[in-house]
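Comments concern the structure below.
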Amino acid sequence: ENIQHLFTETFLPTTAVIITRGERVRKEHQMNDKAQPTKCDLLIVNGYVLTMDQNRTIYAPGAIAVTGNTITAVGSEADIVENFASSQVFDAHGAVVHPGFIDAHNHVVHQSCRGVFVDTMASSKQPVSFADWKADARDEDENAAAALACLELLNNGFTAFVEPGTAFSPDAVASAAEQVGVRGAVTDPYLWDRADILEHAGGLRSESLLKRSPPETDYAIGALGGQLFRNRDPDALVRGYVSLYGEGTASDDLEKAAKEVADHHKVVFQQHEGYLPQIAVLQKTQLGVSRMVHLSNLGVLDQNSTLIHVNAIFDEDAAAMAQANLSIIWCPVAYLSLGIHEDAPCRIPALARMGINVALGTDGALECTIGDAGRTAYLVAKDARDPISYAQVVEMQTINAAVASGLGDITGSLEKGKRADIVVRRDDVPEARPGFNPVHQVALTARAGSVRTVIVDGIPVYGDGQPLRVDAESVYANAHASV
């Protein structure tokens, strides 16, 4: 009863339904004579299953049946074992089983920049410019960095990522993801038609970058939707979507054109907004209204729109975003690294309480590892004296992230009909103990080293600390050689 109360209070705004059974089902379970079990390709049994479905149902012990790349059934172990049979049975040993986390905003092609830049925003004062580095990256460099990022995703229990339009070769990123076995979403690189705003963005401006991605309206509009061909195959591991760089670098014409393409093809529309307070103030001065209100007046914000960062906003922006029913991708590590909390206090928890869908992203894993965003978000909210629950941290990296990424129809929860993107944790490491509150531990303490097995699209791609489809040492060597 105490555990039931704990989780009822933990999952907000929904209520967790916990289905438990004291007696463990034996593997030699006697089948009901009245019904023959349905055959499936894989059974995961004896798990503490966090479904992240609408009711946040938890099955303990729970089981999952997988056929092909799809979840056939999720439920109590007794029910699933009685009704399904497979030659492959995976025992989770009572550990947590959850939907693969989704990194809703990750510049995976920057993964190899670690240790090169002390401060990317001030890189114009350093011997090597971050923006020039990005502009000089070639296909093989982006492939090497993305493969490294994909290994780190798996190592931390992530099965999907969204590359936000900073890869000059989406093919190189898609190839890395497919080889490693990670789900991804890619878009057209650096679509913008205003470069003046970059003068206020530290080391993000580069003449070589602007030459490679010219800030021209006709060029940008002509490039929109260039990655949507990937969606013709419903089973493609990497999908395409529509994005602009954002942060005031797009004209009104480009904004409306991008939204029109996204809506026509029924894909999500993303862009960076509210990253730096000085840019937010400048744009309000130029536009006469805040950037968020301006975008709302343009008609480009709705339930199919996702804004990234949203660090610096004005009071009127919260109402505009809530009315639009859009999504936000919060990158708390990037927020902290900017040192802007006095000029732009954290308001994301308040936006979440207003019903805005909030997901989490890494941004660039230059000063952190993939997987740090959840705990950082929890602590940033506490520091802002507007705490979020640890259960919200899990939601922001699963079902919320799937919606914000345009992947909500196929992943983000463990439910019948969704793709089998499944993480099986370990409970034989200190970070997963004492085991009293598994949701808390998955959200805040059980990170790299606590992942036992990762399944993506029904295929095991990670086990016992190693990727199963690529040679890790080769990935590391390629990334090192690229740098």
Side-chain angles (χ1 to χ4, degrees), residues 44 46-50 52 60 64 90-103 106 108 111-112 114-115 145-161 177 180-183 332-333 360-379 390-391 393-398 401 414 421-456 459-477 479-480:
I44 301 173
N46 192 23
Y48 190 94
V49 180
L50 306 180
M52 303 310 297
I64 304 171
F90 186 94
D91 189 342
H93 298 291
V96 171
V97 180
H98 65 80
F101 288 157
I102 300 167
D103 195 337
N106 192 319
V108 292
Q111 194 80 3
S112 58
R114 284 176 173 167
L148 181 63
C150 287
L151 293 194
E152 192 167 311
L153 285 161
L154 294 180
N155 197 46
N156 286 276
F158 286 76
T159 57
F161 69 91
V180 176
V182 174
R183 193 177 299 283
V333 175
L360 290 179
T362 297
D363 199 29
L366 308 187
E367 303 168 320
C368 65
T369 60
I370 296 170
D372 285 345
R375 182 171 61 176
T376 305
Y378 184 79
L379 295 176
Y390 50 84
V393 170
V394 178
E395 290 174 332
M396 290 177 182
Q397 295 179 106
T398 53
L414 301 179
D421 296 350
I422 305 167
V423 173
V424 181
R425 294 276 174 171
R426 303 172 53 154
D427 63 0
D428 58 348
V429 292
E431 295 83 358
R433 290 295 176 174
F436 169 73
N437 189 337
V439 179
H440 178 275
Q441 282 138 212
V442 166
L444 302 177
T445 64
R447 316 242 306 286
S450 73
V451 175
R452 181 181 175 192
T453 300
V454 180
I455 297 166
V456 178
I459 300 173
V461 296
Y462 180 92
D464 296 325
Q466 293 294 323
L468 302 178
R469 297 180 61 172
V470 295
D471 176 60
E473 292 301 325
S474 295
V475 173
Y476 303 151
H480 186 82

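If you're wondering where the values come from, they're calculated on a predicted model, not measured in any experiment. Values below: all heavy atoms of this structure, side chains included; hydrogens, waters and symmetry mates excluded.
For the pair Thr445 (side chain) and Glu431 (backbone), a donor-acceptor distance under 3.5 Å is present. With hydrogens and angles disregarded, a donor-acceptor distance shorter than 3.5 Å links the side chain of Arg114 to the backbone of Ala365. With hydrogens and angles ignored, the 3.5 Å screen pairs no side-chain donor or acceptor of Gln397 with any backbone N or O of Phe101. With hydrogens and angles ignored, the 3.5 Å screen pairs no side-chain donor or acceptor of Asn156 with any backbone N or O of Phe158. Proximity of a side-chain donor or acceptor of Arg425 to a complementary backbone N or O of Val442 within less than 3.5 Å is not detected.
The two residues Met396 and Ala401 come nearest to each other via the heavy atoms O-CB, 3.5 Å. Nearest heavy-atom pair across Val394 and Ala443 is CG2-CB, 3.7 Å. Val97 approaches Ala92 most closely through the heavy-atom pair CG2-CB, 3.9 Å. Pro99 approaches Met52 most closely through the heavy-atom pair CG-CG, 3.7 Å. Summarising the geometry of Ala177 relative to Cys150, their closest heavy-atom pair is CA-SG, 3.9 Å, with the distance given to 0.1 Å. In terms of heavy atoms, Ala391 sits closest to Val439 at CA-CG1, 4.2 Å.
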Q) Are Val454 and Thr159 close enough, and set up right, to give a side chain to side chain contact (heavy atoms under 4.5 Å, CB included), and what steps lead you there? A) CA-CA 8 Å; Val454 180; Thr159 57; 3.6 Å; yes
Q: Take Ile44 and Ile422 through the side chain to side chain contact (heavy atoms under 4.5 Å, CB included) test and state the conclusion after the steps.
A: CA-CA 10 Å; Ile44 301 173; Ile422 305 167; 4.0 Å; yes
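Atom CZ of residue Phe90 and atom CD1 of residue Ile64 lie 11.0 Å apart, to the nearest 0.5 angstrom. For the atom pair OG1 of Thr453 and CD1 of Ile455, the computed distance is 6.5 Å after rounding to the nearest 0.5 Å. To the nearest 0.5 Å, atom NE2 of residue His93 and atom CZ of residue Arg426 are 10.5 Å apart. In this structure, CZ on Phe161 lies 9.0 Å from CG on Asp103, to the nearest 0.5 angstrom. To the nearest 0.5 Å, atom CG of residue Asn106 and atom CG of residue Leu153 are 6.0 Å apart.
At a threshold of 4.5 Å between non-hydrogen side-chain atoms, the residues Val461 and Val180 do not count as touching. Using a 4.5 Å cut-off on side-chain heavy atoms (C-beta onward), Leu50 and Leu414 make no contact.
Other residues, nucleotides and ligands contribute over 12 non-hydrogen atoms within 6.0 Å of the CG atom of Asp471.
Between Asp421 and Arg183 a salt bridge is recorded (basic side-chain N to carboxylate O distance below 4.0 Å).
Judged by distance alone, the side chains of Tyr48 and Asp427 never bring a donor and an acceptor atom under 3.5 Å apart.
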Would you give me the side-chain donor-acceptor pairs under 3.5 Å for residues 366-375, sequence neighbours excluded?
{"residue": "Thr369", "atom": "OG1", "partner": "Asp372", "partner atom": "OD1", "Å": "3.3"}
{"residue": "Thr369", "atom": "OG1", "partner": "Asp372", "partner atom": "OD2", "Å": "3.4"}
{"residue": "Asp372", "atom": "OD1", "partner": "Arg447", "partner atom": "NH2", "Å": "2.0"}
{"residue": "Asp372", "atom": "OD2", "partner": "Thr369", "partner atom": "N", "Å": "2.9"}

